[in-house]
Amino acid sequence: METNLKERIQIVEGDITKMEVDAIINAANTSLLGGGGVDGAIHRAAGPELLAETKTIGGCPTGEARVTKGYRLPAKWVIHTVGPIWSGGYGDEDELLANCYINSFKAALEIGAATVAFPSISTGVYRFPLERAVNIALRETKFFLQNNQSIKKVIFICFGSDAYKKYQEVFNEVFNQETH
Ligand code: AR6
């Protein structure tokens, strides 16, 4: 079971806009109208049709997720989720970040996505400490995959080698524990 679980997770260094998966996750803001970082990259690669669709949604609260089509992206769908802005850990940031993963997985199930790719939500402009965020990402993913068989592959896209090393390190901690 554990072996099977590990095989369903991949950590790669790269650009999420290039991923040929059913759905990529976007680290958006509550307006869903685009921005910098990975959000800006996804909007640029998807084309203006993406903004036209997100305008019809009317925003998304922190921790929740909304689905659009992928337009010019190789991915069929984009699941937009809004991470918390780090404010020292006193604003339920851990729980809100966990909700981003939980709600993105729920959205993936609803659209029948079997392969999904995540960026490191909240760890850029929103300043969530990387190691803490990666722990939450991998623990929520482990829990979800243990309870759901329909998602076959979860890929974590690391932007740069520091992020890649951190994901590898935390992955070994989270998946080599005796108890889970
Ligand atoms: N592919 C994969 N990861 C990327 C890419 C890419 N093309 N570009 C950046 N990253 P951020 P946040 C990484 O700032 O912290 C936006 O303006 C980046 O290195 O994109 O959740 C939104 O509109 C970092 O590790 O998202 C919001 O206003 C990770 O993606 C705000 O930023 C997330 O960094 C959201 O901030």
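Just so you know, ligand 1 is whichever comes first in the structure, and atom 1 is the first atom listed for that ligand. A quick note: this is a predicted structure, and the numbers were derived from the prediction, not measured.
Shortest contact from atom 15 (O) of ligand 1 to any protein heavy atom: G124 N, 2.8 Å. Nearest protein neighbour of atom 16 (C) of ligand 1, counting heavy atoms only, is G36 O, 3.4 Å. For atom 36 (O) of ligand 1, the nearest protein heavy atom (residue, atom name, distance) is Y126 CG, 3.4 Å. Scanning the protein for heavy atoms near atom 25 (O) of ligand 1, the closest one is T123 OG1, 3.2 Å. Looking from atom 1 (N) of ligand 1 to the surrounding protein, the closest heavy atom is I16 N, 3.0 Å. Remark: minimum distance from atom 13 (C) of ligand 1 to any protein heavy atom is reached at F159 CB, 3.8 Å. V125 N, 2.8 Å is the protein heavy atom nearest to atom 14 (O) of ligand 1. Closest protein heavy atom to atom 30 (O) of ligand 1: V38 CB, 3.9 Å.
In plain terms, the two heavy atoms of D39 and A27 that are nearest each other are CB-O, 3.7 Å.
For ligand 1, the atoms closer than 4.0 angstrom to any heavy atom of G35 are 17 (O), 23 (O). Less than 4.0 angstrom separates some heavy atom of S120 from each of these atoms of ligand 1: 25 (O), 29 (C), 33 (C). For ligand 1, the atoms sitting less than 4.0 Å from at least one non-hydrogen atom of D39 are 22 (C), 23 (O), numbered in the order shown with element in parentheses. Remark: ligand 1 atoms within the under-4.0 Å shell around heavy atoms of A27 are 21 (O), 22 (C), 26 (O), 35 (C).
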Trace of the side-chain contact (heavy atoms from CB on, under 4.5 Å) decision for F105 with N148: CA-CA 10 Å; F105 281 127; N148 292 274; over 6 Å; no
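Under the 3.5 Å distance criterion, the side-chain polar atoms of R8 are matched with a main-chain donor or acceptor of L145.
Aromatic rings of Y167 and F171 (six-membered ring for Trp) have centroids beyond the 6.0 Å cut-off, not under it.
For K166 and E131, the salt-bridge test passes: some basic side-chain N is under 4.0 Å from an acidic carboxylate O. Salt-bridge annotation for E49 and R72: present, with a side-chain N of the basic residue lying under 4.0 Å from a carboxylate O of the acidic one. Between E53 and K55 there is no salt bridge, since none of the side-chain N atoms of the basic residue sits less than 4.0 Å from a carboxylate O of the acidic one.
In terms of polar-atom proximity, N29 is counted as a contact of ligand 1, with an N or O under 3.5 Å from an N or O of the ligand. Between D15 and ligand 1, a contact under 3.5 Å exists for at least one N or O pair.
No more than 12 heavy-atom neighbours from other residues, nucleotides or ligands sit within 6.0 angstrom of NZ on K76.
None of T141, V134, V12 except one satisfies the side chain to side chain contact (heavy atoms under 4.5 Å, CB included) rule with F156; the exception is T141.
Not a single heavy atom of A163 sits closer than 4.0 Å to an atom of ligand 1.
Here the NZ-CD1 distance, from K142 to I9, works out to 9.0 Å after rounding to the nearest 0.5 Å.
The closest non-hydrogen atom to atom 12 (P) of ligand 1, taken over P119, S122, P84, comes from S122.
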